[in-house]
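The structure presented is a predicted model; accordingly, all values stated were derived computationally and were not measured.
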Amino acid sequence: MSGGSYDYKSYVIEEYYVGRMYDAELNEMMEDLIKVLHDVEWWQSCDISEEDYRKTVSDFKKKWFKRSSVKVKEFIEKEFKDKKEELLKQLDYLEREEER
């Protein structure tokens with residue numbers, strides 16, 4: 001059996017939640033989410049490529065997130081800002097270590 005990096009948890013989640021959400025849309029979303037969970041585990045276990053995993057993620061996001069280009073740009077800007085702040089904190093810490 002392939003996979004295993006996450007102890008096959010996608011199968012457990014599928015067993016407990018798919019078809020048991022008491023809502024047709026949520027049941028459909030869970031089915032699609034299981035594909036993402038499966039593929040991330042198989043990718044991390046070297047059973048599928050990162051490209052295959054990213055395609056599954058992209059398909060899921062297109063269907064469920066309905067992102068506009070403005071939202072994507074906002075997301076990217078926030079990620080850059082957060083990373084910049086993280087790096088500046090690390091550099092500040094390093095500078096203080098060098099001063100000691």
Side-chain angles (χ1 to χ4, degrees):
M1 180 181 252
S2 295
S5 291
Y6 300 143
D7 295 324
Y8 308 101
K9 294 297 185 205
S10 66
Y11 297 113
V12 174
I13 293 168
E14 180 177 24
E15 180 180 336
Y16 281 99
Y17 292 102
V18 171
R20 297 180 180 181
M21 299 301 294
Y22 302 96
D23 181 275
E25 287 179 309
L26 289 177
N27 282 330
E28 183 180 351
M29 186 195 72
M30 288 303 297
E31 288 175 10
D32 292 343
L33 181 59
I34 291 300
K35 294 173 188 171
V36 174
L37 297 174
H38 172 274
D39 282 5
V40 72
E41 181 165 16
W42 281 43
W43 168 46
Q44 292 300 299
S45 298
C46 299
D47 293 311
I48 66 170
S49 68
E50 180 177 359
E51 182 178 311
D52 291 338
Y53 166 67
R54 298 289 176 199
K55 169 90 170 80
T56 302
V57 170
S58 179
D59 291 347
F60 180 87
K61 287 181 175 183
K62 282 179 190 171
K63 182 175 181 178
W64 294 104
F65 292 171
K66 310 285 190 224
R67 290 184 172 164
S68 68
S69 61
V70 172
K71 289 278 188 191
V72 170
K73 288 177 185 175
E74 289 173 359
F75 174 78
I76 290 169
E77 290 301 321
K78 182 185 178 307
E79 288 297 309
F80 276 127
K81 182 181 176 222
D82 291 349
K83 190 54 142 176
K84 179 181 175 183
E85 289 175 11
E86 177 187 330
L87 291 170
L88 287 172
K89 285 179 185 176
Q90 289 176 13
L91 290 172
D92 182 51
Y93 174 78
L94 290 173
E95 287 174 359
R96 283 187 271 137
E97 282 293 311
E98 289 175 358
E99 291 174 359
R100 290 184 194 174

Under the side chain to side chain donor-acceptor pair (under 3.5 Å) test, residues paired with T56 that sit two or more places apart:
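Listed in chain order: D39.
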Pairing residues for K83 by the side chain to side chain donor-acceptor pair (under 3.5 Å) criterion, not counting sequence neighbours:
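Residues passing side chain to side chain donor-acceptor pair (under 3.5 Å) with K83: E86.
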I13 side chain near M30 side chain, heavy-atom distance below 4.5 Å
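I13 vs M30: side chains touch.
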Flag side-chain contact, heavy atom, 4.5 Å: F60 against K35:
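Not touching, per the 4.5 Å side-chain cut-off.
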Test side chain to side chain contact (heavy atoms under 4.5 Å, CB included) on H38 and Y11 and set out the steps.
CA-CA 8 Å; H38 172 274; Y11 297 113; 3.6 Å; yes
Checking the side chain of S10 only, and the main-chain atoms of I34 only, is there a donor and an acceptor separated by less than 3.5 Å?
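Flag not set: sc S10 to bb I34 has no pair under 3.5 Å.
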Linking I/L/V/M/F/W/Y whenever any side-chain heavy atoms sit under 4.5 Å apart, do F75 and V70 land together?
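Shared cluster, no.
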Please report the interatomic distance CD(E14) to NZ(K9), rounded to the nearest 0.5 Å.
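E14 atom CD to K9 atom NZ measures 14.5 Å (nearest 0.5 Å).
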To the nearest 0.5 Å, what is the distance between OH on Y6 and CH2 on W42?
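Output value for this atom pair is 15.0 Å.
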Ionic contact status for K89 with E85, cut-off 4.0 Å:
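Result for this pair is no, no salt bridge flagged.
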Looking at D52 and K55, does any basic side-chain N land under 4.0 Å from a carboxylate oxygen?
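Salt bridge flag = no for K55 with D52.
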For S45 and S5, work out which heavy atoms get closest and say how close.
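Result for this residue pair: OG-OG, 2.7 Å.
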Compare every heavy atom of R54 with every heavy atom of W43, then report the nearest pair and how far apart it is.
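The pair with the smallest heavy-atom distance is CH2-NH2, 3.8 Å.
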Take F65 and K71, measure what side chain to side chain contact (heavy atoms under 4.5 Å, CB included) needs, and give me the verdict at the end.
CA-CA 10 Å; F65 292 171; K71 289 278 188 191; over 6 Å; no
From CA spacing to verdict: side chain to side chain contact (heavy atoms under 4.5 Å, CB included), E41, L37:
CA-CA 6 Å; E41 181 165 16; L37 297 174; over 6 Å; no
Only one of L87, D92, L88 clears side-chain contact (heavy atoms from CB on, under 4.5 Å) with Q90; which?
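Result for side-chain contact (heavy atoms from CB on, under 4.5 Å) with Q90: L87.
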Is there any side-chain hydrogen bond (donor to acceptor under 3.5 Å, both in side chains) pair reaching into residues 18-31, and which pairs are they, with sequence neighbours excluded?
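Output for this query lists E28-K63.
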